[in-house]
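To keep things clear, I will list the structure first and then write my remarks on it.
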2 protein chains.
Amino acid sequence: MSLREEILNVSREILIKDGFGKMSMRKIAGRCDVTATSIYLHFKNKDDLLLALIEESIEHLKQALIEVLDPSKSMIEQLEILARTYIEYALKHPQEYEVIYMVRPEEMPKYPKEKFRDVRSTYELLAEIIQTGGENESLDVKSSLISAYTLWAQLHGVVSVILNKRLDTRIPQDQFIEQAINHILKGFVIEKTPA
Amino acid sequence: MSLREEILNVSREILIKDGFGKMSMRKIAGRCDVTATSIYLHFKNKDDLLLALIEESIEHLKQALIEVLDPSKSMIEQLEILARTYIEYALKHPQEYEVIYMVRPEEMPKYPKEKFRDVRSTYELLAEIIQTGGENESLDVKSSLISAYTLWAQLHGVVSVILNKRLDTRIPQDQFIEQAINHILKGFVIEKTPA
DNA sequence: TTATCTACTTAACAGTGTTAACCTTGTTTA
DNA sequence: TAAACAAGGTTAACACTGTTAAGTAGATAA
(Lines give C-alpha, C1' and ligand atoms only; values in the text may rest on other atoms or scores of the structure.)
Protein backbone atom coordinates (compact mmCIF):
# COMPACT_ATOMS: atom_id res chain seq x y z
CA MET A 1 0.00 0.00 0.00
CA SER A 2 1.35 3.38 -1.01
CA LEU A 3 1.90 6.02 1.63
CA ARG A 4 -0.76 8.11 -0.03
CA GLU A 5 -3.36 5.42 0.48
CA GLU A 6 -2.20 4.84 4.02
CA ILE A 7 -2.54 8.55 4.81
CA LEU A 8 -6.06 8.50 3.42
CA ASN A 9 -7.03 5.45 5.43
CA VAL A 10 -5.52 6.70 8.65
CA SER A 11 -6.95 10.19 8.36
CA ARG A 12 -10.39 8.83 7.49
CA GLU A 13 -10.18 6.62 10.57
CA ILE A 14 -9.26 9.55 12.80
CA LEU A 15 -11.86 11.76 11.19
CA ILE A 16 -14.63 9.23 11.66
CA LYS A 17 -13.64 8.30 15.19
CA ASP A 18 -12.52 11.57 16.71
CA GLY A 19 -13.86 14.22 14.35
CA PHE A 20 -12.12 16.85 12.29
CA GLY A 21 -10.76 18.79 15.22
CA LYS A 22 -8.60 15.90 16.34
CA MET A 23 -7.33 15.12 12.88
CA SER A 24 -3.93 16.78 12.92
CA MET A 25 -1.17 16.34 10.40
CA ARG A 26 1.29 15.15 13.04
CA LYS A 27 -1.16 12.61 14.39
CA ILE A 28 -1.87 11.19 10.97
CA ALA A 29 1.82 11.09 10.15
CA GLY A 30 2.64 9.43 13.46
CA ARG A 31 0.25 6.57 12.78
CA CYS A 32 1.87 6.08 9.39
CA ASP A 33 5.32 5.98 11.04
CA VAL A 34 6.34 9.03 9.14
CA THR A 35 6.88 12.76 9.71
CA ALA A 36 4.17 15.33 9.21
CA THR A 37 6.02 16.93 6.34
CA SER A 38 5.83 13.73 4.34
CA ILE A 39 2.12 14.25 3.96
CA TYR A 40 2.89 17.36 1.96
CA LEU A 41 4.61 15.22 -0.64
CA HIS A 42 1.29 13.59 -1.40
CA PHE A 43 -1.21 16.33 -0.58
CA LYS A 44 -0.89 20.04 -1.18
CA ASN A 45 -2.10 20.87 2.30
CA LYS A 46 -4.65 19.81 4.88
CA ASP A 47 -7.53 21.14 2.80
CA ASP A 48 -6.37 19.02 -0.10
CA LEU A 49 -6.35 15.94 2.09
CA LEU A 50 -9.78 16.84 3.38
CA LEU A 51 -11.09 17.27 -0.14
CA ALA A 52 -9.87 13.80 -1.04
CA LEU A 53 -11.82 12.47 1.92
CA ILE A 54 -14.89 14.43 0.89
CA GLU A 55 -14.78 12.93 -2.57
CA GLU A 56 -14.52 9.45 -1.14
CA SER A 57 -17.45 10.08 1.19
CA ILE A 58 -19.64 11.34 -1.60
CA GLU A 59 -18.75 8.34 -3.69
CA HIS A 60 -19.77 6.04 -0.84
CA LEU A 61 -23.11 7.77 -0.43
CA LYS A 62 -23.69 7.69 -4.17
CA GLN A 63 -22.97 3.98 -4.27
CA ALA A 64 -25.37 3.35 -1.43
CA LEU A 65 -28.08 5.11 -3.42
CA ILE A 66 -27.28 3.42 -6.72
CA GLU A 67 -27.39 -0.02 -5.13
CA VAL A 68 -30.94 0.53 -4.09
CA LEU A 69 -32.31 1.76 -7.39
CA ASP A 70 -34.95 -0.44 -8.95
CA PRO A 71 -36.48 0.79 -12.21
CA SER A 72 -39.19 -1.85 -12.00
CA LYS A 73 -40.73 0.07 -9.14
CA SER A 74 -42.88 3.15 -9.49
CA MET A 75 -41.17 6.50 -9.27
CA ILE A 76 -42.79 7.49 -6.03
CA GLU A 77 -41.74 4.17 -4.55
CA GLN A 78 -38.22 4.73 -5.76
CA LEU A 79 -38.14 8.18 -4.25
CA GLU A 80 -39.25 6.77 -0.95
CA ILE A 81 -36.58 4.10 -1.02
CA LEU A 82 -33.97 6.68 -1.95
CA ALA A 83 -35.08 8.93 0.88
CA ARG A 84 -34.88 6.11 3.40
CA THR A 85 -31.53 4.96 2.12
CA TYR A 86 -30.13 8.47 2.25
CA ILE A 87 -31.22 9.01 5.84
CA GLU A 88 -30.17 5.54 6.87
CA TYR A 89 -26.73 5.97 5.36
CA ALA A 90 -26.21 9.33 7.01
CA LEU A 91 -27.21 8.05 10.44
CA LYS A 92 -25.10 4.95 10.06
CA HIS A 93 -21.98 6.87 9.06
CA PRO A 94 -22.53 10.25 10.67
CA GLN A 95 -18.94 11.48 10.69
CA GLU A 96 -18.41 10.39 7.12
CA TYR A 97 -21.65 12.05 6.06
CA GLU A 98 -20.77 15.29 7.72
CA VAL A 99 -17.48 15.47 5.91
CA ILE A 100 -19.48 16.07 2.76
CA TYR A 101 -20.91 19.29 4.09
CA MET A 102 -17.94 20.31 6.14
CA VAL A 103 -16.24 22.62 3.75
CA ARG A 104 -17.50 25.37 1.53
CA PRO A 105 -15.78 26.23 -1.73
CA GLU A 106 -15.15 29.81 -0.71
CA GLU A 107 -13.23 28.62 2.32
CA MET A 108 -10.94 26.66 0.08
CA PRO A 109 -10.04 29.31 -2.46
CA LYS A 110 -6.93 27.41 -3.43
CA TYR A 111 -9.23 24.81 -4.84
CA PRO A 112 -10.44 24.40 -8.42
CA LYS A 113 -14.18 24.68 -8.62
CA GLU A 114 -14.39 21.69 -10.94
CA LYS A 115 -13.65 19.51 -7.94
CA PHE A 116 -16.86 20.68 -6.41
CA ARG A 117 -18.68 20.10 -9.63
CA ASP A 118 -17.90 16.39 -9.46
CA VAL A 119 -19.65 16.39 -6.17
CA ARG A 120 -22.80 17.41 -7.95
CA SER A 121 -22.98 14.43 -10.24
CA THR A 122 -24.92 12.66 -7.52
CA TYR A 123 -27.65 15.25 -7.74
CA GLU A 124 -27.95 14.53 -11.40
CA LEU A 125 -28.53 10.89 -10.64
CA LEU A 126 -31.51 11.95 -8.60
CA ALA A 127 -32.60 14.40 -11.25
CA GLU A 128 -32.78 11.70 -13.89
CA ILE A 129 -34.99 9.52 -11.76
CA ILE A 130 -37.30 12.37 -10.99
CA GLN A 131 -37.46 13.47 -14.60
CA THR A 132 -38.46 10.04 -15.78
CA GLY A 133 -41.06 9.99 -13.06
CA GLY A 134 -42.39 13.31 -14.15
CA GLU A 135 -42.93 12.10 -17.69
CA ASN A 136 -44.50 8.76 -16.89
CA GLU A 137 -46.34 9.20 -13.66
CA SER A 138 -48.08 11.75 -11.57
CA LEU A 139 -45.12 13.48 -10.07
CA ASP A 140 -45.17 17.22 -9.72
CA VAL A 141 -42.02 18.07 -11.54
CA LYS A 142 -41.60 21.47 -13.05
CA SER A 143 -37.89 21.15 -13.42
CA SER A 144 -36.43 17.80 -12.56
CA LEU A 145 -33.09 19.28 -11.65
CA ILE A 146 -34.64 21.72 -9.23
CA SER A 147 -36.81 18.98 -7.83
CA ALA A 148 -33.76 16.84 -7.28
CA TYR A 149 -32.10 19.61 -5.34
CA THR A 150 -35.26 20.25 -3.38
CA LEU A 151 -35.48 16.61 -2.38
CA TRP A 152 -31.80 16.54 -1.53
CA ALA A 153 -32.07 19.68 0.55
CA GLN A 154 -34.99 18.37 2.53
CA LEU A 155 -33.29 15.07 3.22
CA HIS A 156 -30.17 16.85 4.31
CA GLY A 157 -32.24 19.03 6.60
CA VAL A 158 -33.80 16.05 8.30
CA VAL A 159 -30.45 14.35 8.74
CA SER A 160 -28.83 17.54 9.87
CA VAL A 161 -31.32 18.16 12.65
CA ILE A 162 -30.81 14.65 13.95
CA LEU A 163 -27.04 14.60 13.69
CA ASN A 164 -26.75 18.00 15.30
CA LYS A 165 -28.77 16.64 18.19
CA ARG A 166 -31.28 19.39 17.80
CA LEU A 167 -34.22 17.04 17.98
CA ASP A 168 -36.38 17.39 21.06
CA THR A 169 -35.85 14.49 23.42
CA ARG A 170 -39.61 14.00 23.62
CA ILE A 171 -39.70 13.08 19.94
CA PRO A 172 -38.92 9.50 18.98
CA GLN A 173 -36.40 9.62 16.18
CA ASP A 174 -38.13 6.97 14.10
CA GLN A 175 -41.41 8.79 14.26
CA PHE A 176 -39.74 12.01 13.19
CA ILE A 177 -38.14 10.31 10.22
CA GLU A 178 -41.41 8.70 9.17
CA GLN A 179 -43.31 11.93 9.31
CA ALA A 180 -40.56 13.83 7.54
CA ILE A 181 -40.43 11.32 4.69
CA ASN A 182 -44.17 11.45 4.51
CA HIS A 183 -44.14 15.23 4.23
CA ILE A 184 -41.33 15.32 1.73
CA LEU A 185 -42.85 12.78 -0.63
CA LYS A 186 -46.21 14.45 -0.46
CA GLY A 187 -44.64 17.52 -1.98
CA PHE A 188 -43.95 15.53 -5.14
CA VAL A 189 -47.34 13.97 -5.66
CA ILE A 190 -49.84 15.81 -7.81
CA GLU A 191 -53.20 16.25 -6.17
CA LYS A 192 -55.65 14.31 -8.25
CA THR A 193 -58.51 16.74 -7.81
CA PRO A 194 -57.32 20.31 -7.32
CA ALA A 195 -59.85 22.53 -5.60
CA MET B 1 -19.64 49.08 28.06
CA SER B 2 -18.28 46.20 30.08
CA LEU B 3 -15.38 44.20 28.77
CA ARG B 4 -17.64 41.18 28.55
CA GLU B 5 -19.97 42.99 26.17
CA GLU B 6 -17.05 44.32 24.19
CA ILE B 7 -15.63 40.83 23.81
CA LEU B 8 -18.98 39.61 22.58
CA ASN B 9 -19.31 42.43 20.08
CA VAL B 10 -15.80 42.12 18.76
CA SER B 11 -15.90 38.35 18.45
CA ARG B 12 -19.27 38.45 16.74
CA GLU B 13 -17.84 40.97 14.29
CA ILE B 14 -14.86 38.77 13.54
CA LEU B 15 -17.01 35.68 13.34
CA ILE B 16 -19.43 37.27 10.89
CA LYS B 17 -16.77 38.88 8.76
CA ASP B 18 -13.97 36.34 8.72
CA GLY B 19 -15.58 33.14 9.93
CA PHE B 20 -14.91 30.95 12.92
CA GLY B 21 -11.46 29.90 11.82
CA LYS B 22 -10.13 33.43 12.04
CA MET B 23 -11.71 34.12 15.38
CA SER B 24 -8.80 33.63 17.75
CA MET B 25 -8.61 34.60 21.38
CA ARG B 26 -5.58 36.78 20.85
CA LYS B 27 -7.21 38.59 17.94
CA ILE B 28 -10.35 39.29 19.90
CA ALA B 29 -8.32 40.43 22.88
CA GLY B 30 -6.17 42.65 20.73
CA ARG B 31 -9.16 44.53 19.37
CA CYS B 32 -10.36 45.05 22.93
CA ASP B 33 -6.92 46.42 23.89
CA VAL B 34 -6.48 43.64 26.34
CA THR B 35 -4.57 40.37 26.70
CA ALA B 36 -5.98 37.04 25.61
CA THR B 37 -6.03 35.75 29.15
CA SER B 38 -8.45 38.47 30.16
CA ILE B 39 -11.13 36.78 28.12
CA TYR B 40 -10.91 33.85 30.49
CA LEU B 41 -12.05 36.07 33.31
CA HIS B 42 -15.37 36.51 31.55
CA PHE B 43 -15.72 33.25 29.63
CA LYS B 44 -14.73 29.78 30.71
CA ASN B 45 -13.08 29.04 27.40
CA LYS B 46 -13.51 29.56 23.68
CA ASP B 47 -16.46 27.19 23.53
CA ASP B 48 -18.17 29.17 26.23
CA LEU B 49 -17.71 32.35 24.24
CA LEU B 50 -18.99 30.61 21.16
CA LEU B 51 -22.04 29.36 22.99
CA ALA B 52 -22.87 32.89 24.07
CA LEU B 53 -22.74 33.91 20.42
CA ILE B 54 -24.92 30.97 19.43
CA GLU B 55 -27.55 32.02 21.93
CA GLU B 56 -27.55 35.54 20.61
CA SER B 57 -27.89 34.33 17.04
CA ILE B 58 -30.81 32.12 17.87
CA GLU B 59 -32.48 34.96 19.67
CA HIS B 60 -32.09 37.15 16.59
CA LEU B 61 -33.61 34.54 14.32
CA LYS B 62 -36.43 33.99 16.77
CA GLN B 63 -37.17 37.69 16.89
CA ALA B 64 -37.23 37.89 13.10
CA LEU B 65 -39.84 35.14 13.08
CA ILE B 66 -41.93 36.59 15.88
CA GLU B 67 -42.07 39.98 14.21
CA VAL B 68 -43.70 38.45 11.20
CA LEU B 69 -46.41 36.48 12.97
CA ASP B 70 -49.94 37.55 12.17
CA PRO B 71 -52.71 35.53 13.82
CA SER B 72 -55.30 37.19 11.59
CA LYS B 73 -53.96 35.23 8.66
CA SER B 74 -54.71 31.59 7.91
CA MET B 75 -52.30 29.04 9.24
CA ILE B 76 -51.05 27.97 5.86
CA GLU B 77 -50.42 31.62 5.04
CA GLN B 78 -48.56 32.04 8.28
CA LEU B 79 -46.45 28.99 7.61
CA GLU B 80 -45.55 30.36 4.22
CA ILE B 81 -44.55 33.70 5.68
CA LEU B 82 -42.52 31.98 8.37
CA ALA B 83 -40.78 29.86 5.78
CA ARG B 84 -39.92 32.87 3.66
CA THR B 85 -38.76 34.86 6.64
CA TYR B 86 -36.59 32.01 7.86
CA ILE B 87 -34.86 31.57 4.52
CA GLU B 88 -34.56 35.30 3.99
CA TYR B 89 -32.99 35.79 7.39
CA ALA B 90 -30.51 32.97 6.88
CA LEU B 91 -29.41 34.27 3.48
CA LYS B 92 -29.14 37.82 4.77
CA HIS B 93 -27.00 36.87 7.76
CA PRO B 94 -25.28 33.72 6.59
CA GLN B 95 -22.40 33.71 9.03
CA GLU B 96 -24.66 34.45 11.94
CA TYR B 97 -27.08 31.75 10.85
CA GLU B 98 -24.37 29.17 10.56
CA VAL B 99 -23.19 29.81 14.07
CA ILE B 100 -26.41 28.23 15.23
CA TYR B 101 -25.55 24.92 13.67
CA MET B 102 -21.84 25.14 14.14
CA VAL B 103 -21.45 23.20 17.31
CA ARG B 104 -22.91 19.96 18.50
CA PRO B 105 -23.52 19.30 22.17
CA GLU B 106 -21.29 16.24 22.21
CA GLU B 107 -18.40 18.33 20.99
CA MET B 108 -18.85 20.63 23.94
CA PRO B 109 -19.01 18.12 26.74
CA LYS B 110 -18.05 20.74 29.27
CA TYR B 111 -21.38 22.31 28.58
CA PRO B 112 -24.64 21.83 30.43
CA LYS B 113 -27.28 20.39 28.18
CA GLU B 114 -29.87 22.80 29.48
CA LYS B 115 -28.14 25.50 27.49
CA PHE B 116 -29.02 23.61 24.36
CA ARG B 117 -32.53 23.18 25.55
CA ASP B 118 -33.05 26.93 25.55
CA VAL B 119 -32.14 26.84 21.93
CA ARG B 120 -35.15 24.69 21.33
CA SER B 121 -37.70 27.14 22.59
CA THR B 122 -37.89 28.52 19.09
CA TYR B 123 -39.12 25.20 17.81
CA GLU B 124 -41.90 25.36 20.31
CA LEU B 125 -42.98 28.68 18.93
CA LEU B 126 -43.42 26.98 15.58
CA ALA B 127 -45.10 24.02 17.20
CA GLU B 128 -47.76 26.20 18.76
CA ILE B 129 -48.64 27.81 15.48
CA ILE B 130 -48.87 24.48 13.74
CA GLN B 131 -50.95 22.98 16.51
CA THR B 132 -53.49 25.77 16.35
CA GLY B 133 -53.58 25.30 12.61
CA GLY B 134 -54.17 21.60 12.98
CA GLU B 135 -57.18 22.20 15.18
CA ASN B 136 -58.83 24.92 13.17
CA GLU B 137 -57.93 24.33 9.58
CA SER B 138 -57.00 21.64 7.16
CA LEU B 139 -53.42 21.11 8.15
CA ASP B 140 -52.06 17.64 8.28
CA VAL B 141 -50.75 17.60 11.79
CA LYS B 142 -50.35 14.33 13.63
CA SER B 143 -48.12 15.77 16.26
CA SER B 144 -47.57 19.48 16.14
CA LEU B 145 -44.18 19.24 17.76
CA ILE B 146 -42.95 16.74 15.23
CA SER B 147 -44.44 18.81 12.45
CA ALA B 148 -42.61 21.84 13.74
CA TYR B 149 -39.34 20.00 13.65
CA THR B 150 -40.10 18.63 10.22
CA LEU B 151 -40.75 22.11 8.90
CA TRP B 152 -37.65 23.42 10.60
CA ALA B 153 -35.51 20.62 9.23
CA GLN B 154 -36.70 21.17 5.71
CA LEU B 155 -36.10 24.90 5.89
CA HIS B 156 -32.66 24.34 7.28
CA GLY B 157 -31.95 21.90 4.47
CA VAL B 158 -32.89 24.44 1.83
CA VAL B 159 -30.80 27.14 3.45
CA SER B 160 -27.93 24.76 4.00
CA VAL B 161 -27.69 23.73 0.38
CA ILE B 162 -27.61 27.37 -0.70
CA LEU B 163 -25.14 28.54 1.91
CA ASN B 164 -22.84 25.63 1.27
CA LYS B 165 -22.83 26.62 -2.38
CA ARG B 166 -23.98 23.19 -3.36
CA LEU B 167 -26.67 24.53 -5.68
CA ASP B 168 -26.08 23.86 -9.35
CA THR B 169 -25.11 27.05 -11.15
CA ARG B 170 -27.77 26.37 -13.77
CA ILE B 171 -30.47 26.76 -11.14
CA PRO B 172 -31.66 30.27 -10.34
CA GLN B 173 -31.67 30.60 -6.60
CA ASP B 174 -35.05 32.32 -6.44
CA GLN B 175 -36.67 29.59 -8.45
CA PHE B 176 -35.17 26.96 -6.19
CA ILE B 177 -36.50 28.71 -3.10
CA GLU B 178 -39.97 29.08 -4.60
CA GLN B 179 -40.18 25.45 -5.54
CA ALA B 180 -38.80 24.31 -2.21
CA ILE B 181 -41.33 26.38 -0.26
CA ASN B 182 -44.02 25.06 -2.52
CA HIS B 183 -42.99 21.47 -1.84
CA ILE B 184 -42.61 21.97 1.86
CA LEU B 185 -45.98 23.62 2.38
CA LYS B 186 -47.70 21.01 0.27
CA GLY B 187 -46.61 18.44 2.82
CA PHE B 188 -48.79 20.12 5.40
CA VAL B 189 -51.97 20.46 3.44
CA ILE B 190 -54.54 17.69 3.67
CA GLU B 191 -55.67 16.40 0.31
CA LYS B 192 -59.33 17.19 0.05
CA THR B 193 -60.25 14.03 -1.85
CA PRO B 194 -57.99 11.13 -1.09
CA ALA B 195 -57.91 8.42 -3.75
C1' DT C 1 31.73 7.40 -11.59
C1' DT C 2 28.98 11.12 -11.49
C1' DA C 3 24.53 13.22 -11.78
C1' DT C 4 19.80 13.28 -11.00
C1' DC C 5 15.52 12.13 -9.07
C1' DT C 6 12.50 10.42 -5.31
C1' DA C 7 11.00 10.05 -0.80
C1' DC C 8 11.83 11.23 3.19
C1' DT C 9 13.82 14.04 7.44
C1' DT C 10 15.26 17.98 10.63
C1' DA C 11 14.59 22.47 12.17
C1' DA C 12 12.12 26.22 12.30
C1' DC C 13 8.28 29.92 11.94
C1' DA C 14 4.23 31.84 13.29
C1' DG C 15 0.25 30.92 15.15
C1' DT C 16 -3.29 28.44 18.40
C1' DG C 17 -6.05 27.55 23.23
C1' DT C 18 -5.12 27.43 27.91
C1' DT C 19 -3.01 27.71 32.63
C1' DA C 20 -0.26 29.19 36.74
C1' DA C 21 1.54 32.80 38.98
C1' DC C 22 1.87 37.53 39.71
C1' DC C 23 0.55 42.45 40.19
C1' DT C 24 -2.45 46.45 40.86
C1' DT C 25 -6.42 48.67 42.43
C1' DG C 26 -10.36 49.59 45.19
C1' DT C 27 -13.35 47.93 48.91
C1' DT C 28 -14.44 45.85 53.12
C1' DT C 29 -13.54 44.54 57.76
C1' DA C 30 -11.05 44.47 62.67
C1' DT D 1 -5.81 53.41 60.50
C1' DA D 2 -4.16 48.85 59.20
C1' DA D 3 -4.99 44.47 57.41
C1' DA D 4 -7.40 41.38 54.51
C1' DC D 5 -9.64 40.58 50.47
C1' DA D 6 -11.52 40.46 45.96
C1' DA D 7 -11.79 42.11 40.93
C1' DG D 8 -9.69 42.61 36.85
C1' DG D 9 -5.94 42.72 34.67
C1' DT D 10 -0.79 41.11 33.33
C1' DT D 11 3.53 38.07 31.92
C1' DA D 12 5.47 33.84 30.85
C1' DA D 13 5.00 29.50 29.62
C1' DC D 14 3.18 24.79 27.88
C1' DA D 15 1.82 21.90 24.46
C1' DC D 16 -0.14 22.05 20.52
C1' DT D 17 -1.34 23.47 15.33
C1' DG D 18 -0.36 23.93 9.79
C1' DT D 19 3.30 24.87 6.88
C1' DT D 20 7.90 25.71 4.63
C1' DA D 21 12.95 25.77 3.53
C1' DA D 22 16.72 23.20 3.47
C1' DG D 23 19.09 18.95 3.85
C1' DT D 24 19.86 13.80 3.30
C1' DA D 25 19.95 8.79 2.13
C1' DG D 26 19.15 5.60 -1.56
C1' DA D 27 17.94 4.11 -6.07
C1' DT D 28 18.43 4.92 -10.95
C1' DA D 29 20.43 6.68 -15.26
C1' DA D 30 24.30 8.72 -18.30
Side-chain angles (χ1 to χ4, degrees), chain A residues 1-55 95 98-99 102-112 115, chain B residues 1-55 95 98-99 102-112 115:
Chain A
M1 182 168 54
S2 75
L3 179 56
R4 198 195 133 94
E5 289 175 78
E6 200 181 346
I7 291 171
L8 278 174
N9 289 344
V10 166
S11 49
R12 149 149 286 119
E13 198 183 312
I14 296 176
L15 185 66
I16 288 176
K17 204 158 96 188
D18 308 326
F20 182 65
K22 304 275 178 188
M23 178 185 124
S24 86
M25 300 302 256
R26 284 173 176 84
K27 196 171 186 174
I28 296 166
R31 294 219 191 149
C32 297
D33 281 315
V34 127
T35 348
T37 46
S38 292
I39 299 179
Y40 290 85
L41 300 171
H42 302 274
F43 299 92
K44 237 174 128 185
N45 48 40
K46 200 186 178 184
D47 280 354
D48 189 19
L49 174 54
L50 183 63
L51 200 75
L53 293 175
I54 292 179
E55 282 171 15
Q95 304 265 22
E98 294 208 293
V99 182
M102 196 138 58
V103 185
R104 280 210 240 75
E106 73 223 31
E107 279 164 14
M108 294 173 62
K110 315 161 190 179
Y111 252 83
K115 290 265 180 186
Chain B
M1 182 169 53
S2 73
L3 179 56
R4 185 176 201 270
E5 290 176 76
E6 201 180 345
I7 291 171
L8 277 173
N9 289 344
V10 167
S11 49
R12 148 149 285 118
E13 200 183 311
I14 296 176
L15 186 66
I16 288 176
K17 205 158 95 189
D18 307 325
F20 181 64
K22 304 275 178 188
M23 179 185 125
S24 86
M25 300 302 256
R26 283 173 176 84
K27 196 170 186 176
I28 296 165
R31 293 220 192 148
C32 296
D33 282 316
V34 126
T35 346
T37 46
S38 292
I39 300 179
Y40 291 85
L41 300 171
H42 302 274
F43 299 91
K44 236 175 131 184
N45 47 41
K46 201 186 178 186
D47 280 354
D48 189 18
L49 173 55
L50 183 62
L51 199 75
L53 292 176
I54 292 180
E55 282 172 15
Q95 304 266 21
E98 294 208 292
V99 181
M102 196 136 61
V103 185
R104 280 211 240 75
E106 72 223 32
E107 278 164 16
M108 293 173 62
K110 314 162 189 176
Y111 251 83
K115 289 266 178 186

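None of the values given here were measured: they were computed from a predicted structure. Lettering of chains follows the sequences in order, A, B, ..., and the numbering in each one begins at 1.
Taking the side chain as every heavy atom from C-beta outward, B:D47 and B:L51 never approach each other to under 4.5 Å. Proximity of B:L49 to B:I28: side-chain heavy atoms (C-beta onward) are separated by under 4.5 Å at one or more points. In this structure the side chain of B:L8 reaches within 4.5 angstrom of the side chain of B:R4, judged on heavy atoms.
Within the structure, a side-chain polar atom (N or O) of A:S38 is placed less than 4.0 Å from OP1 or OP2 of C:dT9. Under 4.0 angstrom from either OP1 or OP2 of C:dA7 there lies no side-chain N or O belonging to A:H42. The side chain of B:T35 contributes an N or O atom lying less than 4.0 Å from OP1 or OP2 of D:dT10.
Atom C1' of nucleotide D:dC14 and atom CZ of B:R26 are separated by 11 Å, given to the nearest angstrom. Distance A:L50 CG to D:dG18 C1': 14 Å, rounded to the nearest Å. Going from atom CG of A:L49 over to atom P of D:dT17 covers 14 Å, rounded to whole Å. The interatomic distance linking B:I39 (CD1) with D:dG8 (P) rounds to 15 Å, in whole Å. Taking atom NZ of residue B:K46 and atom P of nucleotide C:dT16, one finds them 9 Å apart after rounding to whole Å. Between A:I7 atom CD1 and D:dG18 atom P there is a gap of 13 Å when expressed in whole angstrom units. Between the CZ atom of B:F43 and the P atom of D:dG9 there is a distance of 12 Å, given to the nearest Å. When rounded to the nearest whole Å, the span between CD1 of B:I14 and P of C:dT16 equals 10 Å.
Among the nucleotides D:dT19, C:dT10, C:dT18, the one closest to any side-chain atom of A:T37 is C:dT10. Closest contact between the side chain of B:Y40 and the listed nucleotides C:dC8, D:dG8, C:dG17 involves C:dG17.
For the pair B:K22 (side chain) and B:K27 (backbone), a donor-acceptor distance under 3.5 Å is absent.
Nucleotides of DNA chain C nearest to B:M25 and A:A36 differ in position, and the one nearer the 5' end is that of A:A36.
Taking each heavy atom of B:L15 and B:F20 in turn, the nearest pair found is CD1-CA, 3.5 Å.
Using a 4.0 Å heavy-atom criterion, one finds that A:S24 contacts the sugar-phosphate atoms exclusively.
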